[in-house]
Amino acid sequence: MSDSSDDDKPLAQARSDERVSKAADKALDKMAPSKGHTKPGISLANGPVTQTPGESVARPTTNGHTNGKRKASMTNGRGKSYKDASSSESDSDIPLTKRRKTSKVNHESSDEDQPLARTMPPKVTASQIGEESDSDVPLGQKLQKEKAAIEKKAEKTAKAMRAEEKKEATTKKTKRPVASDEDDDKPLIVKRKSKAAPARKTNSKKEESDSDEPLNKKAQAKKAKSKAVVTPAKKGKKAAKSEQTQEDIEAEEEEDGYRWWEDPSKGDGTKKWTTLEHNGVVFPPDYEPLPKHVKMKYDGVPVTLDPEAEEVAYFYGSMLNSTHNIENPVFNKNFFADFKEVLDQTGHGTDRNGNKVKITKFEKCDFRPIFEHVDAERTMKKALPAAEKKALKAKKDEVEAPFMYCMWDGRKQKVGNFRVEPPSLFRGRGEHPKTGKVKKRVQPEQITINIGKEATVPAPPEGHRWKEIKHDQEGTWLAMWQENINGAYKYVMLAANSDVKGQSDHKKFEKARELKKHIDKIRKDYNRDLKSDMMADRQRATAVYLIDQFALRAGNEKGEDEADTVGCCSLKFEHITLQPPDKVIFDFLGKDSIRFYDEVTVDRQVFKNLRLFKKEPKGDGDEIFDRLTTAGLNKYLGSYMPGLTAKVFRTYNASWTMSKLLQEMKSTGTVAEKVADYNAANRKVAILCNHKRTVAAGHAGQMEKLQDRINGIRYQQWRTKQMMLSIDPKLKKKKGAEFFALPKDISQEWVKEFQAALVEEIRVKIHKKFEKENEKRVADGEKEMKAKELEERLEVADELEAKYKAENKSGKVQPESKGATVEKMEQKLDSLVTREATMKTQSEDKENNKEVALGTSKINYIDPRLTVVFSKKFDVPIEKFFSKTLREKFEWAIKSVDENWEF
DNA sequence: CTGGTTTAGTCGGGCTCCCGTGG
DNA sequence: CCCACGGGAGCCCGACTAAACCA
């Protein structure tokens, strides 16, 4: 979009950078999308707005089927408009998220759903569009444009300015000049950097910024109102007890039966403990040099290395099976740089004659001897008799026993990660710039111990001392150290089944539940603010919308030396593609460099906003929400409800979704079916949260096998039909030729192969049996059967082969049993059809599920009480849903709710 | 920003389930 | 025909630790 009009904008407008002028809005409305191949405006003027269903084409993980279900369930969910929602309780319950995958089917409803529609600016005609778009280029745009050309350069300057104010090289975040113009507008959101820029644009706007405030204040006021979270009433101790006995069948090592979740004194406050005793940490074993005959080769020559260097070589050598890392050039580069460093310090290596070998080229290093050795040891260990394995484990357990538990306020609690992380090569994920670097051995001198004042401080290893001893009662960690690669802190904390962890987990879900009470208002507000005059507000509203609707993460800023991943607030220009009228395609790498790809339909205003936020001079690499930070966003959210932050929306939407799905469920089938239903719901939540896993190595092969089996069944169906035909040729007319045809996707070749495979299978079996029998005979002193016998036995296979051949030739199949009747064949066909169906769903499930990870949502997002309720309501043992560790982790949930509990 | 806590995917081991075999 | 058993493929689970979020 070129706007010539820029120059002439009145001052008022000029400064509007921060403000979004109505004109701008309108103009945007019609402007062709950045990529727009479509004509502006046209179509949509009146069309149903927003949220119309887009198929979520993109998610490979979601199949039509699933989608369908989703849609169905959603449809009833939405009915009221946001506006109305304010008053109606029920509305509030509908997480917007659900709407994401709505399908076209919902069209009509979407209209009324869209309260927004009403608020939308009057429709514009095509002609209008034409003119307007240029003329009233609003806000910053004008400025921008003029600058546009120069911008790029200017940008640098601006950057420089900012840089000085914020010394850290903000290189990453190329702030648009625009930003600098708009600085003042954000009283609320503090993207400080811009402050530096004032020089260029005089901001006479101080007052303006004020205007922003009111809202804020309102919010603040609101905060005051917020009600205190209700602590669960404590049940009578008696009631509790009886409950317990029943449920203890589980045979947990039931301690004192203390139920912190019923203890009002727990859960709040910053002091986490009063007394704390523990035994510190377990260090990894020292490096054991490789046997003399195992050496890495350099340029084909085995070299002896100093143990310190050898250890690093060993790190690499032992992971040769991890092609994923080994084939990553960054990994190799980082590894080798660190390797060389150790080599330099230790004098490189020597050949068998003691001559020095200087290692300078990664390519000449051959770690395979090390790998082979390691691999051999692994397999040996695996092959160890069970008894020995057990003994080894017992021994290890014994050594570690003292570290496994601690005493926390006098209660025995399991420690989570009491083992200090052993040295290794850092496996940063995605395109982590530091992946492959050597993670050094942690020395006691680096470790800080946190422990009760009265407690005995665990003794550091012989000849060592701890870095520091603390008595921080506000921390929940027992020990801590800083890792050498990113300077990250590593903490030893309690296990997930501990009281503290349970308490905070409980608190987390209660917070999410509390969000229910505010969600209406929040949605109403952001829908209103989507049109705010203040750029910052508008961005914030849009961001909240995305977080709420699509379960995006907050998206904190990241540093240069981290993988380049993003979340909502850090989304960049290239991560969003706009397709008019209201379709948005997300494509970016999120946490753990997991790809987030989704094609969604959004509110029209959101669409316009995104287009605005992407306006030039922004381009690749520039942030979409340049006025927004996670801190600012969270601060805003906190005004609705104490503790409300972006991530709470994920918990809320996940649990809410699960809750709805489970409610709608009327599982009546077998336990297995109920479990399958539950898992299906779980899967939807996982998809919502974009929880993925890498597809198993053998997946494709497994699928192929499955398909072959299915086709085998279908082929047998065909044969059965042919048999029917042989019995009663008139059937062909009755049922139609189609019925008797071989499925089109099964080729003659496939049939032949399949037949051959069957025949071969039989042959192999006969052979095997024959040989075995002979072995036995020999053992018994009898004499072996002759080859002739084998041949005779093999005749069966030959006959089968001949039969197939004949069938192929004549195209007819004779019934295999004498008493075959059409009825019997029908029956057989039925069972084959059922088998096919079963297998097909199984296969589809497998395929759809191949890259969906259910665990993460189950462990972190779905309120466990929902699962407990389901378990009770449908009488399915909780073991079907929670593994042992999860049952321990969620003990508080398992023991605290009855089947009427609601999220 | 540092420091502390939650969320996340991977990996390897072992368990489960299925099948064929032999009694 | 039933059952125990062995073997193997897949799947589940827990351990591990990286990577988020957030005050």
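Proteins get letters first, then strands, A, B, ... in listed order; numbering begins at 1 in each. Every value quoted in this text rests on a predicted model; they were computed, and no experiment measured them.
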Write down the distance between [atom1] ([X]) and [atom2] ([N]), rounded to a whole number of angstrom.
X        : N      : atom1 : atom2 : result
A/Asp863 : B/dT7  : CG    : P     : 12 Å
A/Tyr491 : B/dT2  : OH    : P     : 11 Å
A/Gln473 : B/dG4  : CD    : P     : 14 Å
A/Ile859 : C/dG14 : CD1   : P     : 9 Å
A/Asn679 : C/dC11 : CG    : P     : 14 Å
A/Asn690 : B/dA8  : CG    : C1'   : 12 Å
A/Leu886 : B/dT7  : CG    : P     : 14 Å
A/Gln482 : B/dC1  : CD    : P     : 14 Å

May I ask you to check whether A/Phe588 and A/Tyr597 place their ring centers less than 6.0 Å from one another?
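Ring centres of A/Tyr597 and A/Phe588 not closer than 6.0 Å.
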Please tell me whether A/Tyr861 and A/His691 form a close aromatic pair, meaning their ring centres lie under 6.0 Å apart.
yes
Mind checking [X] for me? I need base, sugar-phosphate or nothing, with any heavy atom below 4.0 Å counting as a touch.
X        : result
A/His324 : nothing
A/Lys389 : sugar-phosphate
A/Lys846 : sugar-phosphate
A/Met480 : sugar-phosphate
A/Asp472 : sugar-phosphate

Quick check on [N]: is either OP1 or OP2 less than 4.0 Å from any side-chain nitrogen or oxygen of [X]?
X        : N      : result
A/Arg709 : B/dC18 : no
A/Thr694 : B/dG9  : no
A/Lys508 : B/dT7  : yes
A/Lys705 : C/dG10 : yes
A/Tyr861 : B/dA8  : yes
A/Lys272 : B/dT5  : yes
A/Lys692 : B/dT10 : no
A/Ser504 : B/dT6  : yes
A/Ser883 : C/dC12 : no
A/Gln702 : C/dG10 : yes

If you check the A/Thr885 side chain, which of B/dT5, C/dG14, B/dT7 turns out closest?
C/dG14
I want to verify a distance call: between B/dT10, B/dA8, B/dG12, whose nearest atom is closest to the A/Asn321 side chain?
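Nearest listed nucleotide: B/dG12.
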When you compare the side chains of A/Lys490 and A/Gln482, does any donor N or O come within less than 3.5 Å of an acceptor on the partner?
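Per modelled atom types, A/Lys490 and A/Gln482 side chains form no pair under 3.5 Å.
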Are side-chain N/O atoms of A/Asn328 and A/Thr435 paired as donor and acceptor at under 3.5 Å?
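Looking only at side-chain atoms, A/Thr435 and A/Asn328 do not form any donor-acceptor pair under 3.5 Å.
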Parallel, tilted or perpendicular: which one describes the rings of A/Phe881 and A/Tyr678, with boundaries at 30° and 60°?
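A/Phe881 and A/Tyr678: tilted rings.
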So A/His432 and A/Phe426, would you call those rings parallel, tilted or perpendicular, with 30° and 60° as cut-offs?
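Perpendicular: the ring planes of A/His432 and A/Phe426 meet at over 60°.
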Let me have a per-nucleotide readout for nucleotides 16-23 of chain C, 5' to 3', with B, S or -, counting only protein heavy atoms under 4.0 Å.
SBSBSBBS
Assuming nearest nucleotide by heavy-atom distance, tell me which of A/Asn325 and A/His691 is located more 5' along DNA chain B.
A/His691
Carboxylate-amine/guanidinium proximity below 4.0 Å for A/Arg887 and A/Glu891
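Looking at A/Arg887 and A/Glu891, the cut-off is not met.
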When you measure from the centre of the six-membered ring of A/Tyr636, is the NZ or CZ of A/Arg540 closer than 6.0 Å and no more than 45° off the axis?
yes
Any side-chain heavy-atom pair from A/Arg553 and A/Lys591 closer than 4.5 angstrom?
yes
